[in-house]
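Notes follow the structure.
Owing to the predicted nature of the structure, the values given are computational and were not obtained by experimental measurement. Each chain gets a letter, A, B and so on, in the order the sequences are listed, and its residues count up from 1.
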Amino acid sequence: MEKAYQPKEVEDRLYESWEREGSFQGNPDPGKPAYSIVIPPPNVTGVLTMGHVLNNTIQDILARRARQKGHSTLWLPGTDHAGIATQTKVEQQLRKDGKNKHDLGREGFIEHAKEWRDKHGGIILKQLRKLGCSCDWERTVHTLDADYSEAVLEAFVRLFKNGYVYRGKRMVNWCPVSLTALSDEEVIMKPQNGKLFKIRYELTDAPGEYLYVSTTRPETIMGDVALAIHPEDERWPKLKGRKVRRPLQPAEIPILADSAVEKDFGTGMLKITPAHDPLDFEIGQRHDLPIIDVFHEDGTLNELAGPEFSGMDRFEARKATVEKLREQGDLIDEEDHANNVGFSERADVPVEPRLSEQWFLRYPRVEEAKRAVAEGFIRYFPERWKKTYLHWLENIQDWCISRQLWWGHRIPVWYRKGASRTDPENWHVSVAGPDDPENWEQDEDVLDTWASSWLWPIATMGWPHKSAMQEKGLDYFYPTSALVTGPDIIFFWVARMIMAGLEFKGEPVDPNSTLSDEEIKKRIPFRDVYFTGIIRDAKGRKMSKSLGNSPDPLDLIEKYGADGLRHGIMSIAPKGQDIRFSEERIEQGRNFCNKLWNVSRFRQMAEDDTRESSLADILGRIDQNQLNQDDHAILLRLVQTLDEVDRLYEEYEFNSALQAIYRFFWSDLCDWYVENSKARMKGGEDKTTCLAVQDLCLRQVLLLLHPVTPFITEELWKVLGFSGGQSIQWTVAETGEEFSIALRNAGISLDASALEEMLAIRELVTSMRSLKADRNLASNKKVEFVYLAEDEKSKVLEKHLSSILSSVGAAALSRVKEAPSGMPTLVTDFGSVYMDLASGIDVDAERTRLSKELEGLGKIISSIENKLSNASFTEKAPAQVVEGARRQLADNLAKQQETEEALNALKN
RNA sequence: GGACGGCUAGCUCAGUUGGUUAGAGCGACUGGUUUACACCCAGUAGGUCACAGGUUCGAAUCCUGUGCCGUCCACCA
């Protein structure tokens, strides 16, 4: 074995063999319980980020643990076509070549985009392999695959037939760069420092009298069709029925009252521009006002804005209109104003509220979706996201699902040629299209990407075709066991998948019906949802491409190994808390693997013969009579650890699980047990038993770690001979109870008191080391000690004598009947321990040390005494606690006395 | 404006239902190559648990309020 673990060779070799052996295949197996996860499909043209590393490592841990436990496990991978993002990239590419999409035409463009996708896409799936992800690659799905696309259209058609989908001219969020509508969820609100302009509008029946309006968007004044005031505003009675003159593109416009106007904001007077503001649009509807749209689709002003402004960009026009108003004397005031402006998620420009014909979806099964989570049929980890989810559903708005793009699923609606598109009589809605296509033209738009990915759990498993569903095991694997994703897509994806599952899984039901709880449980797409935190850099900033603060995971794998990266990232990822990334933690992950490697190497050096050791074989090598207190103690700790880690895995507490493993492995096993066993391994009669105990510990540690660090554990599993020909992938770590039973069946019983005894011995060793270190004695410098203790304590001490000597680096620790003088003294639970220094001691230094010691003891003692002298404490606190305090007091008093004696001895 | 999360050692974080003297890793400092590992071992220093009240025999932990940082939601132009 190499001196240091070399991950690269091991990882490539093992991954290849796992894949070759079909370890990752997820096939329905009625004889086994099912476990399934669908991957949150990454953007097909994306590359692996730290976020993906976290997310997919968690999924891999879950999948690998399920396999170990004997579940038939499916982790289904795939990619998303990512409508706007991909189309934008492809168009950019075209532009570099001096072309645009219209040069290619719709079909040509799609062909081109597909080629581009196939060339640049799918990289991320290769990268996931490097990370060790155990996806069933044969089942990789892409949202634009033919089967999947059909499912998307089928869902649209069914929703349409059930009255959930409608077409309408409504206010939508318009991206003037991507030239498409967006859903509310794709709009990011950003605080902006703008200006609030105060404008005057002249009353037409009273020249020289004005009304004042505050606005942030003077460039839309030409679209004003009214002014509005709150009906309870005292000015209203005087204004009712009167009119004002619009200061740009002059026209007479009415004054009206609407309670949506805030009396106390600005001048209490609102200009109504129905074409360019959602609230104004609503008010306009209520009052039957006309709509004047003064913008083009790309955010420039059109001819209705007047010749002066026509053709200008909206922000340019803002300046120009302000200038014009100033010239006219209509600009009264201008002040700094902070407000929130919606930005397009992709193009990062302010969205424009815009009136347009779009397809909308009224969400199905909203009430059932709430119940599914509120009642815990779907469990959220951490639970607090439940509230966020429910709040969104309480206030849910219809979903604009049409996008003015070419890259995506084209809406399966056809309009009769030459007829009015607004009349449903002229619509044909079906997956296959009309029989006489020559008389129809298909809707130009495609569906929002999320309107395809919301079907992910069912459409990847054959829906809607019965035979495909059977073949792919929909009924076997669905509901999937767990979903692992970020809380940032709780609305985009999680909530929508729940509604899609409820609506589409199982037999179609009447839209007016309500699903029973039983039916809900069958239809939900997943049982547990684990929300990861967001990975931030050392400064706490979100990792992003634009900031360039995200390390390339592949570089990290190269440097630290996939296992190191996985271990590192999982050890810093508390459940649902944001994660401060630091490369040092990844380094620690690598170090951990190296430690595991080396202790295994040490184990290998002890014996030359290669063995095949099943659990029973190892247990068979143990001779109960040869078990010493160390053995009892480490096995007791092992049982504890097995239970603890199992519980923590079940609760998705991965970092705590790793910490528990770390404590047992590094501290208990390596630092203490293995160190102590070195003497025994020289060839004492208990050597075999001692090695068997090591094997037990290593075996269980490998099993516990395998989900997190699959490569090194599989490699060592074989090297150490635990495999019996079977991969570690198919072997579960026994629970503490199962392990205890196995021990009992092998005739091994553990002394429960050994653990406490061992901890006391450790404490003694630590103080003795410290005493040496205080005097700058090298740890390998053999020093002689004597001690003074009661018979009982002495017995225990003698039992551990050899390991104490080697751990401390002591030549002797012998019992004396009387306190020696002039030696540094330790007051311990075992009595007083004295260090014999040939060179004599520094009396002053000793005195200082002991005085400090006494001071500490004094503080502790008085605090306990205070507590115990408090009558209400002794009366009200549980007897156990009071008893504990008494014992503690007695112990400390004894120590205090001994320390005082030692101090006095120094004075002589 | 509403909701949620965080605030514990220089840094990153643990701290289970309130109960001995608040822990770990990293970093710092000191010493160390004894039969695995310097990607290592031993030891030391370092904390008014954000702040203010309250409940309790007892609070890092429960309650109320405040501050700072972060996230999400929201039609004050």
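Proximity of A:W385 to the phosphate of B:rC72: no side-chain N or O atom is located under 4.0 Å from OP1 or OP2. The side chain of A:S863 contributes an N or O atom lying less than 4.0 Å from OP1 or OP2 of B:rU21. Here A:H337 reaches the OP1 or OP2 of B:rA77: one of its side-chain N or O atoms lies under 4.0 Å away. For A:K678 and B:rU35, the shortest distance from a side-chain N or O to OP1 or OP2 is not below 4.0 Å. Look at A:R580 and you'll find a side-chain N or O under 4.0 angstrom from OP1 or OP2 of B:rU12. Dashed line: the shortest gap from a side-chain N or O of A:T766 to OP1 or OP2 of B:rG43 is under 4.0 Å. Phosphate contact (OP1/OP2 of B:rC41, side-chain N/O of A:K595, threshold under 4.0 Å): present.
The base of B:rC4 is not paired with the side chain of A:R384 by any donor and acceptor separated by under 3.5 Å.
Counting non-hydrogen atoms under 4.0 angstrom, A:N892 reaches a base of the nucleic acid. Using a 4.0 Å heavy-atom distance criterion, A:P487 is classed as making no nucleic acid contact. A:C670 comes within contact range of at least one nucleobase, with a heavy-atom separation under 4.0 Å. In this structure, A:K3 reaches the sugar-phosphate backbone alone: every heavy-atom distance under 4.0 Å involves primed, P, OP1 or OP2 atoms, never a base. Note on A:K387: only backbone sugar-phosphate atoms sit closer than 4.0 angstrom, heavy atoms only; bases stay farther off. Within the 4.0 angstrom heavy-atom criterion, no nucleotide atom of any strand lies near A:W672. Among the heavy atoms of the strands lying under 4.0 Å from A:E675 is at least one base atom, whether or not backbone atoms are also near. At the heavy-atom level, A:V261 lies under 4.0 Å from base atoms of the strands shown. Counting any heavy atom pair closer than 4.0 Å across all strands shown, A:F581 reaches no nucleic acid atom. If you check every strand for non-hydrogen atoms under 4.0 Å, A:A877 touches a base.
Across B:rC57, B:rG43, B:rC4, the shortest atom-to-atom separation from the side chain of A:R769 is found for B:rG43. Residue A:V674 has its side chain nearest to B:rA36 when only B:rU21, B:rA77, B:rA36 are considered. When each of B:rC76, B:rC26, B:rU21 is scored by its nearest atom to the side-chain atoms of A:Q888, the top-ranked nucleotide is B:rU21. Of the listed nucleotides (B:rG43, B:rU20, B:rA77), B:rG43 has the atom at the smallest distance from the side chain of A:S770. For A:S872, the listed nucleotide lying nearest its side chain is B:rC57; candidates were B:rA77, B:rC57, B:rG25. Closest to the side chain of A:N598, from the set B:rA77, B:rA36, B:rC26, is B:rA36. In the set B:rC39, B:rC37, B:rC41, B:rC37 carries the atom at the smallest distance from any side-chain atom of A:R601. Nearest nucleotide to the A:R585 side chain, out of B:rA77, B:rG5, B:rU12: B:rU12. Comparing B:rC41, B:rC37, B:rU71 against the side chain of A:N594 picks out B:rC37 as the nearest. Of the candidates B:rA36, B:rC75, B:rC72, B:rC72 carries the atom nearest the A:T388 side chain, counting heavy atoms from C-beta on.
A salt bridge is defined here as a Lys NZ or Arg NE, NH1 or NH2 lying under 4.0 Å from an Asp or Glu carboxylate O, and A:R217 with A:E352 meets this definition. Checked for salt-bridge contact, A:D258 and A:R286 meet the test: a charged N lies under 4.0 Å from a carboxylate O.
Judged by Watson-Crick or G-U wobble contacts below 3.5 Å, the nucleotide B:rC11 has B:rG25 as its partner. Here B:rA45 sits opposite no nucleotide as a Watson-Crick or G-U wobble pair (both hydrogen-bonding atom distances under 3.5 Å). Nucleotide B:rC76 is matched to nothing when pairs are restricted to Watson-Crick or G-U wobble geometry with both distances under 3.5 angstrom. Within the shown strands, nothing qualifies as a pairing partner of B:rA60 under the Watson-Crick or G-U definition with both distances less than 3.5 Å. Base pairing annotation: B:rC68 forms a Watson-Crick or G-U wobble pair with B:rG6, both donor-acceptor distances under 3.5 Å.
In summary, the side chains of A:W493 and A:E185 do not present any donor paired with an acceptor at a separation below 3.5 Å, with no hydrogens or angles considered. Counted by atom type alone, A:Q694 and A:Y673 present zero donor-acceptor pairs between their side chains at under 3.5 Å. Side-chain contact, A:S214 with A:K271: no donor N or O sits under 3.5 Å from an acceptor N or O. Using modelled atom types and a 3.5 Å distance limit, the side chains of A:D184 and A:N173 yield a donor-acceptor pair.
Both A:A679 and A:N340 sit near RNA chain B, but only A:A679 has its closest nucleotide nearer the 5' end. Sequence order on RNA chain B of the closest nucleotides to A:R536 and A:T874 puts A:T874 first from the 5' end.
Of the P atoms belonging to B:rA50 and B:rG15, the separation is 14 Å, rounded to the nearest Å. One C1' atom belongs to B:rG5, the other to B:rG23, and the distance between them is 23 Å to the nearest Å. Rounded to whole Å, the separation between the C1' atoms of B:rA14 and B:rU61 comes to 13 Å. Between B:rG65 and B:rU71, the distance separating the two P atoms is 24 Å to the nearest Å. Only the C1' atoms considered, B:rC13 is 12 Å distant from B:rG6, to the nearest whole Å. Look at the P atom in both B:rU66 and B:rG1: the space between them is 12 Å, to the nearest Å. Look at the P atom in both B:rA24 and B:rG46: the space between them is 14 Å, to the nearest Å. Rounded to whole Å, the separation between the P atoms of B:rA60 and B:rU48 comes to 13 Å.
Between the CZ atom of A:F491 and the P atom of B:rA74 there is a distance of 8 Å, given to the nearest Å. Look at NZ on A:K271: it is 19 Å from P on B:rC75, rounded to the nearest Å. For the pair A:R663 CZ and B:rG23 C1', the computed distance is 10 Å after rounding to whole Å. Rounded to whole Å, the distance from CG on A:L868 to C1' on B:rU20 is 11 Å. Between the OH atom of A:Y389 and the C1' atom of B:rC72 there is a distance of 17 Å, rounded to whole Å. Going from atom CG of A:L771 over to atom P of B:rG31 covers 18 Å, rounded to whole Å. Between the CD1 atom of A:I490 and the P atom of B:rG5 there is a distance of 14 Å, rounded to whole Å. Atoms CD (A:E2) and P (B:rC39) sit 16 Å apart, rounded to a whole Å.
A centroid separation of less than 6.0 Å is found between the aromatic rings of A:W392 and A:F491.
The environment of A:H337 atom NE2 is dense: over 12 non-hydrogen atoms of other residues, nucleotides or ligands sit within 6.0 angstrom. The environment of CD in A:Q192 is crowded: more than 12 heavy-atom neighbours from other residues, nucleotides or ligands sit within 6.0 Å. Applying the 6.0 Å contact sphere to CD of A:E394 captures more than 12 heavy atoms from other residues, nucleotides or ligands.
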